[in-house]
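Only one structure is covered here, and it is reproduced in the block below.
When a ligand or atom number is given, it counts from 1 through the structure's own listing order.
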Amino acid sequence: MKITMAHGSGGKSSEELMEQVFGRHFANPILDKMEDAAVLEVSGRIAFSTDTFVVNPLEFKGGNIGKLAICGTVNDLLMMGAQPKYLTCGFVLEEGLEVELLERVVATMADYARQAGVLIVAGDTKVVEGQGGLFINTSGIGIIEEGIHISASNCRPGDAILLSGTLGDHHGAILSARMGMENGIHSDCALLSDMTEALRKEGISVRTMRDVTRGGLGTILNEIAGKSRCQFEIEETAIPMKEEVAAFCDILGLEPLYMANEGKMVLFLPEEEAEKALAILRDTKNGKEAAIIGRVREGSGVRMITRLGGSRLIDVLYGEGLPRIC
Ligand code: MG
């Protein structure tokens, strides 16, 4: 069965789609009330984030647009030191979308929401003319415990820079799918909560955390360096990469520093806690290949010590990059 304009009419077909797809997978006591707005009990400081997902193809090795939509917003909340609690989901369905595909996406979203410990408390669906596409917006609220102040402006000279795993996997998987290339590259799309939770439990004082998504590590480091008014020095040989992704980048002339990931984060913390934090990360499911990749210095910009021992200025990503990657 395919989505038709009738599914967006607000009539019988809309109701069936709501019940059979969204209601069935997302059910919880807050959503089930189906009122004009969800009513939530929260107190203290909250983190509030929104993101829209337009990835093409909708399904790829290692995930689908629904997994991205949940992990993306949950990870953004986690990066502020928040405990994600509630999400909303807005769906734009193009006419001709296979209902089976939509259901796979929705089931994945329900699964990852459960894993992240968040409730989907409000949603919306619109149907538009098109060619079977699907776009998803997720917004999320997380609660920030007292005493936690994580911000991109907190880095200080002397801090260590840690990366939670290999670069380029998501970008490589999407690009391979678009080009019809058969290889073993899987998207790294994942919840970062195992790592943030482990660090929190051990009382590691993280100053800054950022998920390494669009723009890649190079762009994100530049943003944080600018906000903290510091210089970052990273070492090329310390940056973890899967052999297959490195080979893929070589063949296509891609710069891994600007490739998007969906399950990696960069962290800044006091030098004396770096080794302990590294051991904690490596003990988690998603942090096995974590590494200390550099340090914070006085100054500005981002420099990389290259494989050959030289020093190269790393700028932000200019131009397009790959569109519709997330
Ligand atoms: Mg982010």
Let me have the donor-acceptor pairs involving side chains of residues 210-219, under 3.5 Å, with sequence neighbours excluded, atom names and distances please.
unit_1: R210; atom_1: NH1; unit_2: E223; atom_2: OE1; d: 2.9
unit_1: T219; atom_1: OG1; unit_2: G215; atom_2: O; d: 2.6
unit_1: T219; atom_1: OG1; unit_2: L317; atom_2: N; d: 3.0

Side chain to side chain contact (heavy atoms under 4.5 Å, CB included) evaluation trace for L102 with L17
CA-CA 10 Å; L102 175 64; L17 188 67; 4.2 Å; yes

From the N, O or S atoms in D211, identify the one nearest to the Mg ion (ligand 1).
OD1

One thing to verify: whether E59 and K67 come together as a salt bridge, which I'm taking to mean a side-chain N less than 4.0 angstrom from a carboxylate O.
no

Is the Mg ion (ligand 1) less than 2.8 Å from at least one N/O/S atom of D51?
no

Taking salt bridge (charged side-chain N to carboxylate O under 4.0 Å, His left out) as the test, write out the residues that go with D124, two or more places apart.
K126

Could you tell me which N, O or S atom of D76 is nearest to the Mg ion (ligand 1)?
OD1

